[in-house]
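Scroll down for the structure; my scribbles are underneath it.
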Amino acid sequence: MALRRTALAAALGLATALALPAAAQAQNIRIAVVGPLAGALTQYGDQVKEGASTAVEQINAAGGVGGKKLELVFIDDGCEPKQGPVAANRVVNDKIGFVVGGVCSGASIAAAPIYNNEGVVAVTPSATSPALTDGKHYEFIFRTIGRDDQQGPAAAKFIIEKVKPKKVAILHDKQSYGQGIATSVRNDLQKANVPVALFEGINAGESDYSAVITKLKSAGVDFVYYGGYHPELGLLLRQAAEQGVKARFFGPEGVGNPDINAIAGPAVEGLLVTLPADFSGNAANAAVVKAFKDKKRNPGGAFQLTSYSAVKVIADGIKGAGSTDPAKVAKYLHANSFDTPIGKVSWNRQGDLNSFDFQVFDWHKDGSKTPATK
């Protein structure tokens, strides 16, 4: 059931639109950017905002889409599953037909049925959980990022072939994204006969992980894979170092955030992270990278170019369909491929990318990252 716009706006203050006269707004094509605008995971929302904003600026400067300008509306879901439907209902009540988001898997999974049932095209640049699309038969849900069962095997392959640990612990935050990718890595390691001594969930948001760190020490592990986000892994890294744990840590793109350095301190050095390939280094993206840098934005983060690409495929879908009707745009997206800063993209029947490049990076205490070799 959709919520009344006035009540929701008054109660939650979720959306901020560009300040344009009503007559001008009527001529715009509105795209909602849904993700964390506040809280511990705001940095991921900021990355998506930067990418979407840069794409809209570039498209509008080139004449817009069919003579109309694109307009972004920012809506906060806090990366919380319970807020995903609230944000989705806000999109529906505001009669917005297109969404870049959600950002986090849990909130995206909760919101997806509303978008699909109400005919809203939603393209997530960052939600990687297979549960978002598996078995759902959605027509309106797409990704411009790979899935955990693409990212997990990339991580496991690196661990098996390059790291070659003696004994592994796998931890996760008990949430859709973290537990899903941790399970994927565990399964691949077990198939390769790599000993997994511990597979355990921690509670996100806690400040003391000494109990699980004691288990790491007792198990004698030399390598730890963590499925989840940077706040918890930052604490695990710092507290493990304080307790003398010598194991190397590895995490998915959800930990690849500069804030992890402030939390973990020097213990972050040597962390391995799977991230989308650094598309900003592709010579074909030189003009796009310049557009980011001209606005003092970082094109090299995990989600800036995936969110830029999400806006671009929406715009190209509208052009190709010759319509702003989301149903026609969704049909066009399913039937075609598109050139984007992350390469040529196309989707399978359920809206997942047919291919996506995840790479492994060494994360450094100065905030930089370099391709990992071992």
Heavy atoms, side chains only, cut-off 4.5 Å: are I159 and V185 in contact? yes
Using a 3.5 Å distance criterion without hydrogens, assess whether the side chain of R143 forms a donor-acceptor pair with backbone atoms of A127. yes
Minimum side-chain heavy-atom gap I181-Q151 below 4.5 Å: yes
On a heavy-atom basis, which atom in P299 and which in S280 lie closest, and how many Å separate them? O-CB, 3.7 Å
Could you tell me if the side chain of E200 sits less than 4.5 Å from the side chain of V212, heavy atoms only? yes
Quick check: closest heavy atoms across S176 and S129, and the distance to 0.1 Å? O-OG, 4.1 Å
Are L236 and L198 linked, directly or through other ILVMFWY residues, by side chains that come within less than 4.5 angstrom of each other? yes
Smallest heavy-atom separation, A112 atom then Y138 atom, equals CB-CE1, 3.7 Å
Kindly indicate whether the side chain of E71, heavy atoms from C-beta on, has any atom under 4.5 Å from the side chain of I31. no
Between D352 and R147, is there a side-chain N and carboxylate O pair less than 4.0 Å apart? yes
Is atom NZ of K331 surrounded by more than 12 heavy atoms (other residues, nucleotides or ligands) closer than 6.0 Å? no
Cluster check V311, I29: I/L/V/M/F/W/Y, side chain < 4.5 angstrom: yes
I'd like to know if the side chain of E269 and the backbone of H364 have a donor-acceptor N/O pair within less than 3.5 Å. no
Using modelled atom types only, decide if a donor and an acceptor are shared between the side chain of K69 and the backbone of N60 within a distance under 3.5 Å. yes
Could you tell me whether the side chain of Q304 and the main chain of E50 form a donor-acceptor pair under 3.5 Å? no
Any donor-acceptor pair under 3.5 Å linking the side-chain atoms of K365 with those of N261? no
Do the two ring centres, one from Y115 and one from F140, sit under 6.0 Å apart? no
For the residue pair G146 and T128, what are the closest heavy atoms and their distance? O-CG2, 3.2 Å
Just verifying a value: how many Å separate Y209 OH and T214 OG1, rounded to the nearest 0.5 Å? 14.5 Å
Please determine whether residues I170 and L216 belong to a single hydrophobic cluster, defined as Ile, Leu, Val, Met, Phe, Trp and Tyr linked transitively by side-chain heavy-atom distances below 4.5 Å. no
Quick check with a 6.0 Å cut-off and a 45 degree axis cone: is R297 positioned over the face of F292's six-membered ring? no
Test side-chain hydrogen bond (donor to acceptor under 3.5 Å, both in side chains) on E253 and Y177; report intermediate values, then the result. CA-CA 11 Å; E253 94 290 348; Y177 163 67; 3.0 Å; yes
Kindly say whether V245 contributes a backbone atom to a donor-acceptor pair with the side chain of K217 at under 3.5 angstrom? no
Between the side chains of D188 and Q190, is a donor N or O closer than 3.5 angstrom to an acceptor N or O? no
Regarding Q350 and D134, do their side chains bring together a donor and an acceptor under 3.5 Å, going by distance alone? yes
Ionic contact status for D362 with R248, cut-off 4.0 Å: yes
Side chains of V224 and F250, heavy atoms from C-beta outward: is any pair under 4.5 Å? no
Any donor and acceptor pair, going by atom type alone, linking the side chain of E232 with main-chain N or O of G205 inside 3.5 Å? yes
If you apply the rule side-chain contact (heavy atoms from CB on, under 4.5 Å), what do you find for V313 with V345, and how did you get there? CA-CA 9 Å; V313 297; V345 301; 3.9 Å; yes
Report the distance from atom CG of L233 to atom OH of Y226, rounding to the nearest 0.5 Å. 7.0 Å
Hey, could you give me the CD/CG distance between E57 and L70, rounded to the nearest 0.5 Å? 11.5 Å
Distance (rounded to the nearest 0.5 Å) between F358 CZ and D148 CG: 7.0 Å
Do the side chain of S307 and the main chain of V48 share a donor and acceptor less than 3.5 angstrom apart? yes
Distance-only, no hydrogens or angles: does the D222 side chain make a donor-acceptor pair with backbone N or O of A247 under 3.5 Å? no
Hydrophobic clusters here meaning ILVMFWY residues chained together by side-chain heavy-atom distances under 4.5 Å, can you tell me if Y225 and L171 are in one? no
Atom OG1 in T144, atom CG in L305: separation rounded to 0.5 Å? 10.0 Å
Could you tell me whether K49 sits above the aromatic face of F74, with NZ or CZ closer than 6.0 angstrom to the six-membered ring centre and within 45 degrees of the axis? yes
Might you work through the side-chain contact (heavy atoms from CB on, under 4.5 Å) test for V268 and I263, ending with a clear yes or no? CA-CA 9 Å; V268 80; I263 300 168; over 6 Å; no
Is there side-chain contact between V99 and V123, with heavy atoms separated by less than 4.5 Å? no
Here's a test for you: under side chain to side chain contact (heavy atoms under 4.5 Å, CB included), which of V34, I96, I75 qualifies with R90? I75
D149 and S184: side-chain hydrogen bond (donor to acceptor under 3.5 Å, both in side chains), yes or no, with the steps? CA-CA 6 Å; D149 50 9; S184 174; over 6 Å; no
More than 12 foreign heavy atoms under 6.0 Å from NZ of K136: is that the case here? yes
Looking at H334 versus F142, is the centre-to-centre ring distance below 6.0 Å? yes
Distance (rounded to the nearest 0.5 Å) between N28 CG and K68 NZ: 9.0 Å
Between W347 and F338, how do the two ring planes meet: parallel, tilted or perpendicular, split at 30° and 60°? tilted
Side-chain contact, heavy-atom cut-off 4.5 Å: V360 with V273? no
Could you walk me through whether L272 and W363 pass side-chain contact (heavy atoms from CB on, under 4.5 Å), step by step? CA-CA 6 Å; L272 293 168; W363 195 269; over 6 Å; no
Specify whether H172 and F199 have parallel, tilted or perpendicular ring planes, treating 30° as the upper limit for parallel and 60° as the lower limit for perpendicular. tilted
Exercise: identify the closest heavy-atom pair between G178 and D173: CA-OD1, 3.4 Å
Are E161 and K374 close enough for a salt bridge, meaning some N to O gap below 4.0 Å? no
Transitive ILVMFWY side-chain link L235 to F249, under 4.5 Å: yes
Would L189 and I160 satisfy side-chain contact (heavy atoms from CB on, under 4.5 Å), going step by step from the backbone distance to the final call? CA-CA 7 Å; L189 292 183; I160 295 163; 3.7 Å; yes
Contact summary for D76 and A87, nearest pair of heavy atoms: O-CB, 4.3 Å
Does T306 reach the main-chain N or O of F303 with its side chain, forming a donor-acceptor pair under 3.5 Å? yes
Are P195 and V168 close enough that some pair of their side-chain heavy atoms sits under 4.5 Å apart? no
Please determine, by modelled atom types, if Q43 and D46 share a side-chain donor-acceptor pair under 3.5 angstrom. no
